[in-house]
There are 2 protein chains.
Amino acid sequence: MIRVLLAEDQTMVRGALASLLNLEPDIEVVAQVSRGDEVAAAAAASVPDVALLDIEMPGRTGLDAADELARALPGCRILILTTFGRPGYLRRAMEGGAAGFLLKDAPASELASAIRRAVAGERVVDPGLAAAALSQGESPLTPREHEVLRASRQHATVADLAQALYLSPGTVRNHLSSAMQKLDARNRGEAVRMAEEQGWL
Amino acid sequence: MIRVLLAEDQTMVRGALASLLNLEPDIEVVAQVSRGDEVAAAAAASVPDVALLDIEMPGRTGLDAADELARALPGCRILILTTFGRPGYLRRAMEGGAAGFLLKDAPASELASAIRRAVAGERVVDPGLAAAALSQGESPLTPREHEVLRASRQHATVADLAQALYLSPGTVRNHLSSAMQKLDARNRGEAVRMAEEQGWL
DNA sequence: GGTCGCCCGTGACGTTTGTCACCCTGCATT
DNA sequence: AATGCAGGGTGACAAACGTCACGGGCGACC
């Protein structure tokens, strides 16, 4: 019996996926959570063989939850399940030790087989998505530029940003400026959008 | 036997919902579509008792599809199923003749009972959502402010924005400024974020 | 007819932003 | 030892942004 942990924020979708999986004779959903920051505790309590994580969840991203889970329960296979085919997500997920990456656009029948293949030690990735990821390449941003751009989503002004990051305002503007040049954006906002679209944030 | 049409763009979610519904002894999913503009044709072919429509679909919005369906098959009950608790959606859906409005955040078990109640002639609205719609109130933005703020997500500079909306740059800045004041934001970006959080965009 | 809100526009003003040149420190590469 | 790059910082500058006061037009409402 394959023990599965299911993390997905939309209750109805989560319930539907659970009932779908429970129809399989060799699969059992042993834990369900709706928030990313509940994954680790639930996994510790239920010790699943496979964790099926949505990316977009309150509390913590599925990707972050995957990192945490990989450290806490190294034996647990991780499958990322998400809506968007953002190549950056795929890269991060696979680098973070995920065993597979599934799209909600894939047929429902693939879910069970992906779980079985993950348990068997295979890596499961949607072929079209993998191709897109390879064609796209790495983020051109340095770690600091990435951090500043990321933080700029939540802090309105440069002054705020500088205070939050313990940097001088001038430095923040320099980082932002070079990030914008690399992304060919005319704006902080545009830079954020472009980086998000590329899956670099 | 209650005949159900299921319209939802994410294949896996649609499949999971279908299997969930087919577990019910008195419910049968007789048609599944992934696009809003396929709803009418599929309904004409299968003559369902209830149509379960997601709002966000390619081709046509679930709300638009509901309007079309209500004219084509007046006997068919319509349930709107969606992620967001946007009060505006609820309002439009109910005014458009929908029999109910369900959230994907609701428990999966409510789905079947909502379908049965819809067939029985009841109006089904998630209580939490109805409360939210009442408590949240209307957006304070005028139509123009809303439009400008919305467009500002895709156009970086005021000049771009003005050109796209066929307005003078000064007018655009005035609209943005008053929107920012109403939202208590210090920024275009902050205003966009706050409006999005409130479901006003 | 008057008032109000929304819409569109102009001009001015101070602030913030984005860019650039230039400084310095580390660290890894050559 | 020299070079390059990421990081941190300063100072200056033009451009863009946000605010305000003010003008006009239009429709709704009393």
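Each chain gets a letter, A, B and so on, in the order the sequences are listed, and its residues count up from 1. Atom set for the values below is all heavy atoms of this structure, side chains included, hydrogens, waters and symmetry mates excluded.
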(message) Run the side chain to side chain contact (heavy atoms under 4.5 Å, CB included) test on B/L17 and B/V13 for me, step by step, so that the C-alpha distance in whole Å, both residues' side-chain angles and the decisive distance to 0.1 Å come before the verdict.
(response) CA-CA 6 Å; B/L17 289 174; B/V13 174; 4.0 Å; yes

(message) Please find the pair of heavy atoms, one from B/T142 and one from B/K182, that lie closest to each other, and give the distance.
(response) CG2-NZ, 3.6 Å

(request) Kindly compute the distance separating CZ (B/R14) from CG (B/L52), expressed to the nearest 0.5 Å. (result) 12.0 Å

(message) Surrounding CG of A/D26 (heavy atoms of other residues, nucleotides or ligands, distance under 6.0 Å), is the total greater than 12?
(response) yes

(message) Need one value for A/T142: base, sugar-phosphate or nothing, where a base atom within 4.0 Å counts as base even if backbone is also close, heavy atoms only.
(response) sugar-phosphate

(request) Name all residues meeting the side chain to side chain contact (heavy atoms under 4.5 Å, CB included) criterion together with B/R153; count only those two or more places apart in sequence or in a different chain, and write none if there are none. (result) B/R150, B/V192, B/E196, B/L201

(request) Only pairs at least two apart or in different chains count here, so list each side-chain hydrogen bond (donor to acceptor under 3.5 Å, both in side chains) that has a residue in residues 40-55 of chain A. (result) none

(request) Starting at CD of B/Q32, measure out to OG1 of B/T11 and round the result to the nearest 0.5 Å. (result) 9.5 Å

(request) Report the end-to-end axis angle of the helix from C/dG1-D/dC30 to C/dT30-D/dA1; each axis comes from five terminal pairs, and the value is rounded to 10°. (result) 30°

(message) I'd like to compare against my own output: the B/S/- annotation of nucleotides 11-21 of chain C with a strict under-4.0 Å heavy-atom distance to protein.
(response) -B----BBBB-

(message) Between C1' on C/dC6 and CZ on B/R144, what's the gap in Å once rounded to a whole number?
(response) 11 Å

(message) Quick check for you: name the first and last nucleotides of DNA chain D, 5' to 3', having an atom under 4.0 Å from a heavy atom of chain B.
(response) D/dC17 to D/dC20

(request) Measure the spacing between CG of B/L69 and CZ of B/R77 and express it to the nearest 0.5 Å. (result) 12.5 Å

Between side-chain atoms of residues 159-167 of chain A and protein atoms elsewhere (two or more places apart, or another chain), which donor-acceptor pairs fall under 3.5 Å?
{"from": "A/D160", "atom 1": "OD2", "to": "B/R186", "atom 2": "NH2", "distance (Å)": "3.0"}

(request) Rounded to the nearest 0.5 Å, what's the gap from CG on B/L6 to CG on B/L79? Could you check? (result) 11.0 Å

(message) Expressed as a whole number of angstroms, how long is the span from B/L161:CG to C/dG9:P?
(response) 13 Å

